[in-house]
Amino acid sequence: MNNNSTKSFRKSVGSFFKKFNRFCRRFHLVKWLVIVFLSVSLVTSTYMVFLAKTAHVQNLESSLSKTTEIFDVNNKKAGELYAQKGTYVHLNQVSANVPKAVLSTEDRNFYHEYGFSFKGIARAMLLLVKNKLLHRDYISGGGSTLTQQLVKNAYLSQEQTMTRKLKELFLSIQVENVYSKNEILTMYLNNAYFGNGVWGVQDAAQKYFGENAVDLSVPDSAVLAGMLTSPSAYNPIDHPKAAKWRRNVVLQLMVENHKLTQAQANYYKKTPITLRDTYVRKDGYRYPYYFDAVIDEAISKYGMTESEIMNRGYRIYTNLNQSQQKAMQTNFDNNALFPANASDGTEVQAASIGVSPTTGGVTAVVGGRGKHVFRGYNRATQIRRQPGSTMKPLAVYTPALEAGYKFDSELVDKKKSYGTNHYTPKNYNNVYQGKVPMYEALAQSMNAPAVWLLNQIGVNRGYESVKDFNIPVTKKDKNLALALGGLSGGVSPQQMAGAYTAFANGGKIVKPFYIRKIVDSTGKVVVDNTAKQEGRQIMSSSVAKQMTSMMLGVFNNGTGVDAKPYGYSVAGKTGSTEADNTGSSDATKDKWIIGYTPDLVVATWEGFDSTSQAHHLENLSGTGVGPLFKNEMQTMLPYTKNSSFNTKDAQSIVQSENTNDNLWDTIQKKTNKYGNEISQKAKDLINDAKSWFKH
């Protein structure tokens, strides 16, 4: 570049800066930038302070020191929820070697800072700029203080973003405002993760060295402190060499922090790591499917997170009946109550739920067979399967009675086609009687009369009735197949149990629920659901009574005979659905039994998770689930009030009426006969007298 070009360039640059300066002075750009920066800083700080103030850090110690407990319907402890929780010990129950090793490694200035480190923040900012230049949307490192680490584990996610770091900073300051340094250190040591599913220094001491935290030696303390950076990489069980190397690093850091002499460190570095495992994991998760459902309800209904529920030391009061739950779980562990596995070994699955028809409280639930997975698939609450004939009482018989039919009304039982698509329901075994009373059609689960009756009362009436029972239906379901449980979606055992509460509760339906109350670690009630459900009247009490009288027949002389519990009167309905594309006319996809007394509703489903030619049940009669249901009721009903129904089996009522009618008919006939005879004798006497006077 020649001199003229250089002068021209300098002149251009100078001219630009003069114009820019005039622009800045004219529009006060610098002042505006300062105002914007201060405003953003003020808003951000205000928001972060608000988050810190509303985090209720004053509850942190109580929530970390207490385990979330579950209580049953009688307010007796039923179990505990465990997650990031170990045996909580106070600082005087921890060897002094542990804080020395931990602080030398994690935060040497812990006692001289106020929840954060200026050097750490500066380092984090530099790393942020570096990562942004490299197009990385996270920060790495940052020198978090021990208080910040506690806050991150207790309140925040593990994502590495600037927003999270800001929240961490403000929460740390708030924690420092509330707690002493020793209290913070105690919470940190009890909330730290030490690998192999172990939380807290006490359980870690037992897991790796077979001793209490108060007895930990210097080298053993160094091992635990070394694991805090990466528990999976430096735990001495899985990685003994890495653990020893890391221990020696910690020992040297203790020398630098003046907690050991170099001679002491050199001596400890030569000692081997001697492992001894005496840790016994506490298993408070005694009723896994029920506890899963409690967690799910707390999340979906009350807006809590899994981490909060598991770690904040709540007391959760539920509707659990421990005796019924134990009985249900025992039955599910009995393979003799289930059909044989498929040829490839796949288990027939099942799910059951017990509900109080007066309160709606779920008393027991099991969501499947086999090994339980924490918050895994709960078939009792999550499956969506066709309900088969268990839908008939909801879609057909209840609205028919409301429309004026009687439980002994005659129904047409013929093979008929309906509509333009020639929908033709068939009875099991293709047997038809021409006419049949309603109670018999229900008890024997006849398809043809049910569809005929729905057609008579109108599909819309049946559709609206199903909606009243809280069953999810769409306009696609507004057809005659609804009578036989043909839904576009499906239902869960919990939904069906909830629907049948109306029959057991005088026509008033209640919604199944698990949680009655939640109390936080300080004793404050955060959820109160103890008020008794009012329920919703969806049918008259007389209709509910007639429905019960008909459904008693299901277990007395109908499709549920083999499922009737010995010594108990149970009403309800069986159901099954056909498995398509299996090549077998008897292939069944789902089997249901829903039964109830005035005190308990139990809904039980059986089938394969995925139905195919190799995975299906046999026999469309719907009674294959009988042994399981029978045993469930026989072992659960003893833990109820054993209330009696206010009606009898419809068939016995009709037979009794017929007997009375026949006796009256006999009396009438005899009376008429004798009357006619006396009348005839009188006539004969009169005629004889007339004849005598004529002569």
Side-chain angles (χ1 to χ4, degrees), residues 64-65 84-112 144-150 153 180-280:
L64 291 178
S65 61
Q84 300 175 7
K85 208 59 89 120
T87 304
Y88 200 92
V89 291
H90 295 286
L91 200 58
N92 61 4
Q93 296 172 286
V94 179
S95 167
N97 297 318
V98 175
K100 291 177 182 178
V102 169
L103 295 180
S104 297
T105 308
E106 298 294 316
D107 190 1
R108 293 184 190 179
N109 295 316
F110 173 68
Y111 283 101
H112 308 291
S144 292
T145 64
L146 188 144
T147 306
Q148 286 175 280
Q149 292 180 49
L150 170 64
N153 291 334
S180 69
K181 287 291 185 179
N182 282 348
E183 288 173 334
I184 294 171
L185 179 59
T186 300
M187 288 187 283
Y188 175 84
L189 292 175
N190 281 285
N191 197 47
Y193 182 57
F194 290 94
N196 286 298
V198 174
W199 297 83
V201 64
Q202 171 64 18
D203 289 353
Q206 293 186 335
K207 178 68 179 176
Y208 297 109
F209 307 113
E211 56 191 10
N212 292 320
V214 72
D215 300 319
L216 285 168
S217 63
V218 171
D220 289 348
S221 298
V223 170
L224 296 185
M227 292 169 62
L228 294 171
T229 304
S230 181
S232 60
Y234 296 127
N235 84 75
I237 293 177
D238 301 319
H239 304 285
K241 290 183 179 179
K244 187 174 183 179
W245 173 84
R246 178 64 180 165
R247 179 201 67 177
N248 293 347
V249 170
V250 173
L251 290 170
Q252 193 60 41
L253 291 173
M254 292 176 71
V255 173
E256 295 175 11
N257 199 33
H258 310 295
K259 302 302 179 184
L260 288 177
T261 64
Q262 188 63 58
Q264 289 173 317
N266 291 340
Y267 171 76
Y268 291 133
K269 288 178 183 180
K270 295 176 183 178
T271 61
I273 297 177
T274 304
L275 299 178
R276 182 165 170 259
D277 186 358
T278 60
Y279 172 62
V280 178

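Just so you know, these numbers use all the heavy atoms, side chains as well, and skip hydrogens, waters and symmetry mates.
- With sequence neighbours excluded, the residues forming a salt bridge (Lys or Arg N to Asp or Glu O under 4.0 Å) with Asp277 are Lys207, listed by chain and number.
- The two residues Val201 and Phe194 have their closest heavy-atom pair at N-CE1, 3.7 Å.
- Remark: side-chain polar atoms of Asn190 are not paired, donor with acceptor, to backbone N or O of Gly86 under 3.5 angstrom.
- Residues satisfying the side chain to side chain donor-acceptor pair (under 3.5 Å) criterion with Glu211, sequence neighbours excluded, are absent altogether.
- In terms of heavy-atom proximity, Ala205 sits nearest to Leu224 at N-CD1, 4.4 Å.
- Atom-to-atom distance recorded for Tyr279:OH and Asn196:CG is 10.5 Å, nearest 0.5 angstrom.
- Side-chain atoms of Lys181 come within 3.5 Å of backbone atoms of Phe110 as a donor-acceptor pair (strictly under, hydrogens ignored).
- Between Asn97 and Leu216, the closest heavy-atom pair is ND2-O, 3.1 Å.
- Put simply, CG on Leu150 and CD1 on Ile184 are 7.5 Å apart, with the number rounded to the nearest 0.5 Å.
- In this structure, CD on Gln149 lies 11.0 Å from CG on Asn191, to the nearest 0.5 angstrom.
- At distances below 3.5 Å, at least one donor-acceptor pair connects side-chain atoms of His239 with backbone N or O atoms of Ser232.
- To the nearest 0.5 angstrom, Leu228 atom CG is 12.0 Å from Tyr234 atom OH.
- Partners of Ser217 under the side chain to side chain donor-acceptor pair (under 3.5 Å) rule, at least two apart in sequence or in another chain, are Asp220.
- Contact between Pro236 and Met227 at its shortest, heavy atoms only, is CD-SD, 3.8 Å.
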task: Report the C-alpha separation of Tyr111 and Leu103 in whole Å, then their side-chain angles, then the decisive distance to 0.1 Å, and conclude whether the side chain to side chain contact (heavy atoms under 4.5 Å, CB included) test is met.
output: CA-CA 9 Å; Tyr111 283 101; Leu103 295 180; 3.6 Å; yes

task: Go through Tyr188 and Thr147 one step at a time and tell me if the side chain to side chain contact (heavy atoms under 4.5 Å, CB included) criterion holds.
output: CA-CA 8 Å; Tyr188 175 84; Thr147 306; over 6 Å; no

message: I'd like to know whether Leu189 forms a side chain to side chain contact (heavy atoms under 4.5 Å, CB included) with Leu91, so could you lay out the CA-CA distance, the side-chain angles of the two residues, the decisive distance to 0.1 Å, and finally the verdict.
response: CA-CA 9 Å; Leu189 292 175; Leu91 200 58; 4.1 Å; yes

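- For the salt bridge (Lys or Arg N to Asp or Glu O under 4.0 Å) condition, no pair includes a residue of residues 235-250, sequence neighbours left out.
- A pairwise comparison of heavy atoms in Ala222 and Leu251 identifies CB-CD2, 3.8 Å as the closest pair.
- Among residues two or more places apart in sequence or in another chain, the side chain to side chain donor-acceptor pair (under 3.5 Å) test is passed with Glu256 by Arg108.
- Atom OG1 in Thr278 sits 9.5 Å away from atom CG in Asp203 (nearest 0.5 Å).
- Note: Asn266 CG to Gln252 CD = 7.0 Å, rounded to the nearest 0.5 Å.
- Not counting sequence neighbours, the partners of Asn212 by the side chain to side chain donor-acceptor pair (under 3.5 Å) test are Gln202, Gln206.
- Of all non-hydrogen atoms in Ala242 and Ala233, the two that sit nearest each other are CB-O, 3.6 Å.
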- prompt: Should Thr229 and Glu106 be marked as a side chain to side chain contact (heavy atoms under 4.5 Å, CB included) after you check the CA-CA gap, both sets of side-chain angles, and the distance that decides it?
  reply: CA-CA 8 Å; Thr229 304; Glu106 298 294 316; 3.7 Å; yes

